[in-house]
Amino acid sequence: MSDSLERLYQAVLAAKDLDPAVSRTAKLFQRGPAKMAKKLAEEAIEVVIDAVNGNSDAVIRESADLLYNLTVLWASAGVRPADVWREMERREHLLGIAEKLPKSAVKLPKVSAPRVARRPIVALESRGLRKRH
Ligand SMILES: N=c1c2ncn([C@@H]3O[C@H](COP(=O)(O)OP(=O)(O)OP(=O)(O)O)[C@@H](O)[C@H]3O)c2ncn1[C@@H]1O[C@H](COP(=O)(O)O)[C@@H](O)[C@H]1O
């Protein structure tokens, strides 16, 4: 998966300065990070809705769109896939060490949860969800 995302990242870098009339990526770069973030959020919501509806084929398709839009946002933010892999490896390494420790040694101190004001939960429905361009 990391190879495929690395290739996609390179393709996004190669496309970002093309004519926005012919390249979706160039058009996203022209419109800026706020538009990129909006597209990413829309694709994430589509994945969530398809997963909740049990539509695994759509989850696969929308996940590919989600990864494309994430890659575009990384490129815009100056984040490289290797930066993300490094953070994932760091976490994997930490977990690996924790597994080797005796259980009592990895117990974390109890910290009381911060009190946060909660907003009402809004149900998501696929019905009526329309993309804005
Ligand atoms: N990997 C992708 C990729 N994945 C998804 N998408 C596009 O993103 C769309 C998903 O967004 P939407 O569902 O919002 O699409 P839409 O409903 O047509 O709405 P709009 O995006 O047109 O507003 C898909 O329909 C694809 O057309 C991609 N567009 C480009 N790439 C790659 O990016 C590179 C650069 O391509 P260009 O952007 O075409 O230059 C190439 O390697 C491409 O293969």
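Positions are given from 1 along the sequence.
Under the side-chain hydrogen bond (donor to acceptor under 3.5 Å, both in side chains) criterion, the residue pairs touching residues 17-27 are Thr25-Tyr68, with sequence neighbours excluded.
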- Message: Let's go through Glu62 and Asp65 carefully: what are the C-alpha distance in whole Å and the side-chain angles of both, what is the deciding distance for side chain to side chain contact (heavy atoms under 4.5 Å, CB included) to 0.1 Å, and is it a yes or a no?
- Response: CA-CA 5 Å; Glu62 297 299 345; Asp65 288 344; 3.6 Å; yes
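Evaluation of the side-chain contact (heavy atoms from CB on, under 4.5 Å) rule for Arg86 yields Arg80, Ala82, Asp83 as partners, not counting sequence neighbours. Taking the salt bridge (Lys or Arg N to Asp or Glu O under 4.0 Å) definition, one finds that Glu87 meets it with Arg90, Arg91, sequence neighbours left out.
Between Glu42 and Ile45, every side-chain heavy-atom pair lies at or beyond the 4.5 Å cut-off. The shortest side-chain heavy-atom distance between Leu40 and Val72 does not fall under the 4.5 Å cut-off.
Taking every heavy atom of both residues into account, Leu66 and Glu43 meet most closely at CA-CB, 3.8 Å. Considering every non-hydrogen atom in both Phe29 and Ala75, the closest pair reads CZ-CB, 3.8 Å. Across all their heavy atoms, Met36 and Leu28 have their closest contact at CE-O, 3.5 Å.
Within the model, atoms CG of Asn55 and CZ of Arg61 stand 6.5 Å from one another, a figure rounded to the nearest 0.5 Å. With values rounded to the nearest 0.5 angstrom, Glu89 atom CD is found 10.5 Å from His93 atom NE2.
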Would you be so kind as to tabulate the donor-acceptor pairs closer than 3.5 Å made by side chains of residues 3-14, with sequence neighbours excluded?
residue, atom, partner, partner atom, Å
Glu6, OE2, Gln10, NE2, 3.1
Tyr9, OH, Val79, O, 3.0

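With hydrophobic clusters built from ILVMFWY side chains whose heavy atoms lie under 4.5 angstrom apart, Met88 shares a cluster with Leu73.
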